[in-house]
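Heads up: the structure comes next, in structure tokens.
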Amino acid sequence: MIDLLDHPALSSAYFFPRRNPVADPFWVTGADGVHLACYRSAPFADALTMIHFHGNAEVVADYVPAMAWLVNNLGANVLFAEYRGYGNSTGTASLGKMIEDVKPVVEAAGIPDERLVFFGRSLGSVFAVEAAARHPAAAGLVIESGIADPLERTLMRVSPESLGTTAAALESVVHARVDQQAKLHAFHGPLLVMHTAQDPLIPASHGSRIYAWGGAPADDKELVLFEQGDHGTIFPANRDAYTARLGAFLHRAAARAGIAPQAIPA
């Protein structure tokens, strides 16, 4: 019996993979042997590593070199995770298998949990939260324009009937595998949530829920609602403030991990 999360009708309606290749990929073998064309920029021998999960209709190549340069200049190494069926990766996009790919991607980084920060943008929030749930000792979690309720998003694209199931059965499967509330509640590490107040695709209420569900104490989590920009322009519309918030978060996380401030080697 096919996993409902990997049903072709769901995959075709929900995912928008692009095949833009990234140069010099960092190859990771996925959960069932697919080849994931990730990208790594690690100029530091002793620093945090941020594992970045991008949004739907995006690819790792969209973030190289600009975002890699930004994260490095904030004193952290970065690993951009590519999804099956996206970029140069093999395989076909499907939610259940993409969740399973989180484990080998994190393992491929080869970094102790206390030096890892997980970053999830939009769809990537599902995978970043999964990573945080699997690695509760991680140094931090950053969610940008994230999804609080994947079932809510799923039902906007497909009906239970089109998947050959019932509403109750689909709800049961989604919450068993993608319960953002439970996973966030179990992660007690620092949390930074960034969203735009006027996001028309994933409303700001998702960001508010993600912040509320975070298991960290109130003084160790932050919700930033930018007044400028929307789902696709949160970074360019708020470049300076966004960079400052992310930089401050990474610096605090590094200090907690006992890591000295870093500067890119000449």
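It should be emphasised that the depicted structure is a prediction, and the values quoted were computed from it without experimental measurement. Quick note: numbers below take in every heavy atom, side chains included, and nothing from hydrogens, waters or symmetry partners.
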Short side-chain to backbone donor-acceptor contact, Asn88 and Ala37, under 3.5 Å: no
OH on Tyr83 to CG on Leu36, rounded to 0.5 Å: 11.0 Å
All pairs passing salt bridge (Lys or Arg N to Asp or Glu O under 4.0 Å) where residues 129-152 contributes a residue, at least two apart: Arg121-Glu144, Glu130-Arg134, Glu130-Lys183, Glu152-Arg209
Greater than 12 external heavy atoms within 6.0 Å of Arg245's CZ: no
Gly146 backbone acceptor or donor facing Ser122 side chain under 3.5 Å: no
Trp27 CH2: over 12 foreign heavy atoms closer than 6.0 Å: yes
Minimum side-chain heavy-atom gap Tyr86-Glu58 below 4.5 Å: no
Close side-chain approach of Thr243 and Leu74, heavy atoms under 4.5 Å: yes
Atom CD of Glu107: over 12 foreign heavy atoms under 6.0 Å: yes
Contact check, side chains of Phe235 and Leu70, non-hydrogen atoms, under 4.5 Å: yes
Contact check, side chains of Val193 and Glu222, non-hydrogen atoms, under 4.5 Å: no
Any donor-acceptor pair under 3.5 Å from Asp179 side chain to Ala176 backbone: no
